[in-house]
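Every heavy atom of this structure was used, including side-chain atoms; hydrogens, water molecules and symmetry mates were not. Just follow the structure's listing: the first ligand is 1, and inside any ligand the first atom is 1.
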Amino acid sequence: MKILIKKGRLIDPLQGLDMIGDLLIEEGKILGFERNIEISEKMEIIFAENLWVLPGLIDIHVHLRDPGEEWKEDISSGTLAALYGGVLRLACMPNTKPPNDSPEITAYIIKKAKEKGWIKVLPVACITKNQEGRELTEFGRLKLSGAVALSDDGRWVQNSEVMKRALRYAKNFDLPIISHCEDHTLTEGGQVNEGKMSAKLGLKEIPASAEVIAVIRDIQLAKDTQHPVHLAHLSTKEVLPFLRWAKEEGIPFTAETCPHYFTLTEEEVEDYNTLAKVNPPLRTREDVEAIKLALKEGLIEVISSDHAPHSELEKNVEFELASFGIIGLQTLLPLSLELVREGILSPLKLAEYLILNPSRVLKIEPPSFKKGAPAEVILVSPEEKYLLTEEIIKSKSKNTPFLNKELKGRVKKVILDNQIYDLS
Ligand SMILES: [Zn+2]
Ligand SMILES: [Zn+2]
């Protein structure tokens, strides 16, 4: 079957492409793009006026909760939410139950994703056994079984000697290391951002310095070992001078943030709203503005969702008992489009942050519109408004502060594995 997408805005960050034109697909592969491709018989035509046509997004930071907490999410529901969000490949974090610290669990994830998943799943395995921060996992065997990166996400590798050894060892296997930047000695029992809101609500604080200290140490170790560290979910303006310095020094690192850190402030947790309880916590207006500028400057160049599903059981409880986390696979793109509307990023730059740069961190071939590339294509209506209702959310969990709020920007169709999905 041939599929012809007519008159869409074709955006492909790998080729630096942003033009109105036609894209032709045959048997699951890109055949080419032109300003105008003649329609012929035996073509399925998709009219894409006013739509953006992009390679599928790559979400580098997702919690699928499978194995072990399938009431919150599983590989099937999580990847369906991804499909609806335009995410056609995702990296899943290893803090499952049990944690993914063995080739067996990595293999289980890959197998289940093939059988029950809607999109491609790239497992991230643990840096240390049981995420205890002491003994390294077997990086070589994990890579062989299909792990694309290593992380103890949810925990920071607090012991610097262990982290240094991990970076050295990972370098041998060319495996990226993703760091959950949080000095736990400063955040034990913490609930919300340190400052006005922690004082007002009488809740234990999570200081920005916990993130700063983690970032500084990890950058220094990346410098020592000359192996890149990927700094996950950065949230505070306090880390930015250090990122700037590390860039100038040529230290190998990449940095990521999530839409909630450039769209929401700590005011969301007023009234003890557990849907906005997340780690790192939502910060101040100044932090939000600074993160946006860091994206503009290119200090932070990856946007991930940190999709963290929790059920009513974990969220509909007292604030201090509630779990940390926000789902994000279906809000990743609409919220990130705000950056384009505000003139922070061009559409092409945003596509870089959501597609190309994540692929570079994971050292995988990015999807593109190059001839012969596998057709992983999404069609997006960037200005479409809709309410994010429970029905729209494909995730098993509905924990998001954007629930029943208006979003702008919607994925209309996906073309993947030689299939066309009509999503809305
Ligand atoms: Zn984390
Ligand atoms: Zn996470």
Side-chain angles (χ1 to χ4, degrees), residues 58-66 68-69 72-73 75 78 81-82 85 87 90-97 99-101 109 121-128 131-133 147-158 163 166 176-188 190-193 206-208 210-215 217-218 229-236 239 253-261 276-283 291 300 302-310 314-315 322-329 331-332 358 361-362 395 397 399-400:
I58 301 175
D59 191 344
I60 194 172
H61 195 135
V62 173
H63 298 271
L64 288 177
R65 308 295 189 212
D66 188 351
E69 292 178 299
K72 299 181 182 184
E73 193 80 286
I75 287 170
V87 173
L90 65 80
C92 62
M93 285 298 166
N95 59 339
T96 46
K97 291 190 177 150
N100 179 14
D101 61 3
I109 293 167
V121 173
L122 307 159
V124 178
C126 299
I127 298 171
T128 66
Q131 298 197 300
E132 284 168 355
V148 294
L150 299 161
S151 179
D152 273 359
D153 189 50
R155 303 289 304 169
W156 186 54
V157 179
Q158 190 86 36
M163 185 63 164
I177 294 243
I178 302 172
S179 180
H180 167 104
C181 302
E182 174 186 0
D183 181 343
H184 297 287
T185 62
L186 288 172
T187 60
E188 220 54 75
Q191 299 288 320
V192 294
N193 185 39
I206 301 176
E211 187 169 312
V212 178
I213 288 165
V215 163
R217 191 220 49 191
D218 287 341
V229 64
H230 178 72
L231 307 166
H233 48 55
L234 298 182
S235 66
T236 166
V239 298
F253 79 97
T254 45
E256 157 200 313
T257 191
C258 315
H260 38 276
Y261 300 120
K277 183 177 177 183
V278 62
N279 186 25
L282 299 176
R283 309 276 189 189
I291 293 288
I300 299 174
V302 172
I303 304 173
S304 77
S305 69
D306 197 1
H307 178 80
H310 291 294
E314 295 88 23
K315 279 294 194 182
S323 298
F324 291 96
I326 294 176
I327 54 166
L329 281 164
T331 46
L332 175 66
V361 173
L362 297 178
S395 204
S397 298
N399 56 303
T400 165

Any Val121 side-chain heavy atom under 4.5 Å of Leu90 side chain: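 Side chain of Val121 against side chain of Leu90, heavy atoms only: contact under 4.5 Å found.
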pair Phe253-Leu231: side-chain heavy atoms closer than 4.5 Å: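 Yes, close enough: below the 4.5 Å cut-off.
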Which N/O/S atom belongs to His180 and is the closest one to the Zn ion (ligand 1)?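 Relative to the Zn ion (ligand 1), the closest nitrogen, oxygen or sulfur of His180 carries the name ND1.
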Minimum-distance N/O/S atom that Asp153 presents toward the Zn ion (ligand 1):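 Closest N, O or S atom of Asp153 to the Zn ion (ligand 1): OD1.
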Of all the N, O or S atoms in Asp306, which one sits nearest to the Zn ion (ligand 2)?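 Per the distance ranking, Asp306 contributes OD1 as its closest N/O/S atom to the Zn ion (ligand 2).
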Restricting to N, O or S, what is the name of the atom of His61 that lies nearest the Zn ion (ligand 2)?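 Atom name returned: NE2.
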From the Zn ion (ligand 1) out to just under 2.8 Å, does an N/O/S atom of Cys181 turn up?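 No.
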Judged by modelled atom types alone, do Glu211 and Thr236 share a side-chain donor-acceptor pair under 3.5 Å?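 Glu211 vs Thr236: no donor-acceptor pair found between side chains.
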Taking N, O or S atoms only and a limit of 2.8 Å, check whether His233 reaches the Zn ion (ligand 2).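 Under 2.8 Å: His233 has no N, O or S contact with the Zn ion (ligand 2).
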When the ring planes of His61 and His233 are compared, do they come out parallel, tilted or perpendicular, using 30° and 60° as the limits?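 The rings of His61 and His233 sit tilted, inter-plane angle from 30° to 60°.
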With distance as the sole test, does His184 use its side chain to make a donor-acceptor pair with the main-chain N or O of Trp156 at under 3.5 Å?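 A pair under 3.5 Å: yes.
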